[in-house]
Amino acid sequence: MGLQQPPLFCITMSTEITKIYAPQQIEDKWYSYWLTNKLFKSTPDEREPFTIVIPPPNVTGVLHMGHMLNNTIQDVLVRKARMQGKNALWVAGTDHASIATEAKVVQMLREKGIKKSDLSRDEFLKYAWEWKEKYGGIILKQLEKLGASCDWDRTRFTMEPKMSEAVINTFIDLYNKGLIYRELRMVNWDPQGKTALSDEEVIFKDVQSKLYFIKYFLVDSKDEYVTIATTRPETILADAAICVNPNDERFKHLVGKQVLVPFINRPITIIADEYVDMEFGTGCLKVTPAHDKNDYELGKKYNLEVIDILNEEGFLNEKAIDPRYIGKDRFAVRREIAVHLEEAGHILKIDEYKNQVGTSERTGAVIEPRLTLQWWVDMKKFVAKNPQVLDAVMNDEIKFHPANMKNTYKHWIDNIKDWCISRQLWWGQRIPAWYDEDGNFVVAKTHHEAIAQYKLQFPNANTLQLKQDDDVVDTWFSSWLWPISVFDGFEKMDNGKVSKENADIKYYYPTNDLVTAPEIMFFWVARMIMAGYEWMGEKPFKNVYYTGIVRDKQRRKMSKSLGNSPDPLDLIAQHGADGVRMGMLLSSPAGNDILFDESQVEQGRNFANKIWNAFRLVKGLEVKPDAEFDAEILESNKISADWFNGKLNDAYAEISEKYTDYKLSEVLMSMYKLIWDDYCAWYLEMSKPEYGKPINE
RNA sequence: GGGAGCAUAGCUCAGCUGGUUCAGAGCACCUGCCUUACAAGCAGGGGGUCACAGGUUCGAACCCUGUUGCUCCCA
């Protein structure tokens with residue numbers, strides 16, 4: 001790096017350049033220049049590749065401040081690589097966001113007076129695709145406004161035919177490898193979305209609730225009773241037993257006896273198990289196998305009846321027996337039954353109680369544990385088969401920034417649970433399992449292949465019709481393939497591995513940097529690493545940069561409902577994309593939350609204006625190579641140029657070092673000071689001639 | 001309940017293995033300037049017991065222990 005000989009000049013002020021930088025026109029002008037000249041386009045060649053795949057935004061969304069931050073960082077990284085002469089590729093795309101989009105489409109239809117249940121699957125999907133066509137492109141257009149240097153010719157969508165085929169192929173592959181299975185289990189049920197959810201999609205929230213102490217009278221006794229404590233009194237209708245700790249002296253004499261469930265008078269037995277915490281509540285636990293995970297396990301152990309009193313929408317069904325409650329919503333019943341119990345003298349007391357309830361990440365509905373048949377990925381087996389999933393992160397082959405995220409990652413991997421991948425939705429890739437009337441099934445790509453396989457597997461059956469599974473896969477079951485599927489890696493598979501025949505996958509994989517939010521480490525980052533090792537035998541990326549959450553000045557998370565999030569496009573219109581980008585980066589070390597303050601955007605805008613005016617000054621200087629100059633001036637110009645060269649080299653070294661640590665806000669500050677202080681305040685001031693006085697006078 | 005982390009100027013943060021860049025940066029603030037690149041600017045200026053209490057050391061913002069307050073993740 002360095003400047004050549006100091007320029008020899010005198011001033012001829014230009015009036016063509018505006019005094020104040022007007023980013024809108026300039027940014028539009030250059031963005032379209034970049035696009036028409038295909039400057040962001042990348043195809044494999046002999047240069048070193050540098051690849052980033054975008055975390056595909058949902059087709060439901062519009063650009064928010066989190067996207068601004070995230071995509072600004074990606075753009076900085078990819079542009080730097082491009083300037084360094086690497087073959088830089090930033091792949092863009094969008095995510096079909098199964099449950100989120102389906103919820104939006106259902107709502108849109110409801111507003112039109114159409115119920116999802118009145119539509120066939122195909123009719124519904126037609127509406128969903130219309131939705132996608134209408135809204136899917138918006139966010140990509142917004143990214144252009146931000147200045148994102150993506151290779152737009154490579155834009156992908158997670159539910160386009162090729163991508164969906166990859167999902168189906170990998171499903172079948174995992175099934176054949178014994179890593180996917182189908183099982184009746186307790187799942188997180190979203191009664192509003194009417195679908196199962198993975199553990200990661202459940203958000204626990206603190207709530208203030210009531211702890212009801214309810215008396216269960218012993219069979220054949222009018223006054224002897226046990227008391228249980230519960231926050232969900234409606235579930236007593238599904239009780240199958242009472243359980244106490246075998247060491248609890250208070251209840252030893254009752255074990256084996258029976259009590260009656262209030263109102264419905266079902267006799268249930270008092271059993272004893274170490275699982276019960278003697279300290280909590282009354283020491284007596286009601287066991288409700290259909291509506292609680294732990295109770296279900298307990299029920300299995302003691303062979304208790306599973307009495308499921310809720311339907312898929314969270315309404316009580318006829319198994320609840322008492323006609324006062326059947327057909328009503330679980331929360332309505334909770335209020336009513338509390339009153340009824342009190343009136344009937346079954347309530348000992350009611351305490352205020354702070355507890356946590358699980359809610360659906362997408363619909364917000366309170367989750368019900370529900371026993372259903374679902375498809376699962378055997379994660380323990382998966383990780384055991386691919387130990388690099390943990391090792392690569394721990395030994396920094398995949399580097400996390402900031403590094404302390406490794407601990408969280410390790411904790412998750414060490415305690416990994418099986419992944420429920422089936423969803424009772426229509427918008428998504430349909431599970432390639434085919435069933436006969438008895439529930440026997442085969443896994444195959446097409447009906448035709450399914451029949452053939454079925455004949456092999458069940459030679460004695462004479463079914464010619466098989467019905468495909470109604471469910472789709474979790475949206476993350478397509479996202480985890482993203483760094484491979486955007487390069488069509490799954491088109492050619494060989495013995496359970498991507499055969500790496502196509503030029504793109506060979507050249508661009510593994511990618512370099514992944515920039516994403518820490519909250520999707522488990523949803524996405526961890527699973528991409530798993531998919532990478534399983535099918536490519538190699539990591540999907542070298543660095544993971546975790547951004548912070550964008551908060552307002554009062555540290556509140558920016559959200560639609562709070563109304564504290566500015567519209568990024570308004571901000572861009574007001575201060576220019578560069579101003580906004582700089583404002584975000586200034587206060588955003590990796591992993592730290594960013595406290596967004598518009599005054600930082602102003603600082604960014606001011607900086608752009610500073611550069612503009614420096615350009616205006618330099619542009620106004622006219623170089624006169626033939627003019628005769630005073631030796632003194634030549635000497636002083638040389639000194640100032642040398643001085644600035646030194647500064648430039650220092651800054652370059654400093655910036656390079658900070659880049660390797662991904663300290664982007666510090667990189668930006670170094671550049672800010674270099675340009676503002678060293679270049680403008682010193683170098684330009686030292687070398688510019690006095691106004692109106694030709695320099696060689 | 002388990003785990004991770006934070007506390008340095010009004011705000012956001014830097015400060016690596018304890019010692020001449022150790023008390024820093026940017027913004028904000030105060031004072032003076034509309035000086036022909038930029039008032040979105042220029043020149044100057046004030047401001048901190050490095051959360052608190054102990055300890056280790058010749059020496060602590062940095063290491064150790066405890067206290068307080070806060071944040072995040074997981075169940």
Side-chain angles (χ1 to χ4, degrees), chain A residues 11-23 188 199-200 202-204 277 279-280 293-294 355-358 400 402-417 517-523 546 548-549 551-557 574-576 578-579 582-621 650 654 657-658 661 663-673 675-677 679-685 687-693:
Chain A
I11 275 184
T12 54
M13 275 311 298
S14 163
T15 49
E16 290 153 29
I17 307 173
T18 56
K19 200 164 156 179
I20 300 241
Y21 176 53
N188 308 298
D199 291 339
E200 285 71 27
V202 178
I203 313 284
F204 285 89
D277 179 359
E279 307 296 318
F280 181 80
K293 262 181 195 171
N294 296 319
N355 66 333
Q356 293 186 311
V357 297
F400 280 10
N404 62 8
M405 301 300 285
K406 284 159 72 174
N407 294 326
T408 315
Y409 180 85
K410 182 175 192 309
H411 190 258
W412 188 76
I413 296 284
D414 285 346
N415 297 284
I416 201 158
K417 303 221 167 58
E519 65 255 34
I520 58 174
M521 182 160 97
F522 309 130
F523 277 119
Y546 292 101
I549 296 166
R551 298 175 181 276
D552 69 8
K553 270 188 272 188
Q554 292 140 58
R555 283 198 179 271
R556 296 177 305 177
K557 193 172 173 174
Q574 229 180 314
H575 305 290
D578 286 322
M582 182 164 164
M584 309 233 49
L585 277 187
L586 268 174
S587 55
S588 178
N592 275 30
D593 283 0
I594 157 162
L595 299 198
F596 184 77
D597 185 345
E598 216 168 312
S599 70
Q600 280 161 340
V601 174
E602 277 174 35
Q603 193 183 349
R605 178 203 62 177
N606 293 353
F607 185 49
N609 188 57
K610 187 76 184 173
I611 295 172
W612 177 256
N613 275 289
F615 165 73
R616 206 156 76 94
L617 172 69
V618 172
K619 183 92 175 153
L621 304 176
D650 291 350
E654 192 180 306
E657 195 192 316
K658 283 172 177 167
D661 298 335
K663 295 185 169 178
L664 299 190
S665 54
E666 289 181 44
V667 167
L668 184 57
M669 189 43 68
S670 299
M671 291 192 181
Y672 180 81
K673 286 195 271 195
I675 291 172
W676 198 298
D677 299 336
Y679 183 70
C680 293
W682 287 102
Y683 179 64
L684 285 183
E685 289 299 330
S687 10
K688 80 176 179 191
E690 273 181 74
Y691 177 70
K693 289 183 187 167

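Heavy-atom basis, side chains included; hydrogens, waters and symmetry copies ignored. Every chain is numbered from 1, with letters handed out A, B, ... down the list of sequences.
- Nucleic acid contact for Phe615(A): none, since no nucleic acid atom lies under 4.0 Å from a heavy atom of the residue.
- Taking the charged nitrogens against the carboxylate oxygens, Lys293(A) and Asp199(A) do have a contact shorter than 4.0 Å, which makes a salt bridge.
- Using a 4.0 Å cut-off, some side-chain N or O of Lys663(A) falls inside it from OP1 or OP2 of rG15(B).
- Nucleic acid contact class of Asn609(A) (heavy atoms, under 4.0 Å, all strands): base.
- Between Lys406(A) and rG3(B), a side-chain N or O to OP1/OP2 separation shorter than 4.0 Å is absent.
- A salt bridge between Lys673(A) and Asp677(A) is absent, with no side-chain N of the basic residue lying under 4.0 Å from a carboxylate O of the acidic one.
- Across the interface with RNA chain B, nearest-nucleotide mapping of Phe204(A) and Lys673(A) shows Lys673(A) to be the residue nearer the 5′ end.
- With both ends at atom C1', the span from rC13(B) to rC52(B) equals 22 Å, rounded to whole Å.
- Contact annotation: side chain of Gln356(A) to base of rA75(B), donor-acceptor pair present below 3.5 Å.
- Taking atom P in both rC42(B) and rA37(B), one finds a spacing of 13 Å when rounded to whole Å.
- Lys610(A) has no side-chain polar atom (N or O) that falls below the 4.0 Å cut-off from OP1 or OP2 of rC38(B).
- The backbone N or O of Lys19(A) sits less than 3.5 Å from a side-chain atom of Asn613(A), completing a donor-acceptor pair.
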So which protein N/O to nucleotides 27-29 of chain B N/O distances come out below 3.5 Å?
from: rC27(B); atom 1: OP1; to: Tyr672(A); atom 2: OH; distance (Å): 3.2

Using Watson-Crick and G-U wobble pairs whose two distances are both under 3.5 Å, how do you write the pairing of RNA chain B as dot-bracket, with | for links to another strand? (((((((..((((.....[....)))).(((((.......))))).....(((((..]....)))))))))))).
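- Partner of His575(A) under the side chain to side chain donor-acceptor pair (under 3.5 Å) criterion, chosen from Glu602(A), Gln603(A), Glu598(A): Glu598(A).
- Partners of Tyr409(A) by side-chain contact (heavy atoms from CB on, under 4.5 Å), not counting sequence neighbours, listed by chain and number: Val389(A), Leu390(A), Val393(A), Phe400(A), Ile413(A), Met521(A), Ala526(A), Ile529(A).
- With hydrogens and angles ignored, the 3.5 Å screen pairs a side-chain donor or acceptor of Asn609(A) with a backbone N or O of Tyr21(A).
- Within the 3.5 Å criterion, the main-chain N or O of Ser599(A) finds a donor-acceptor partner in the side chain of Asp597(A).
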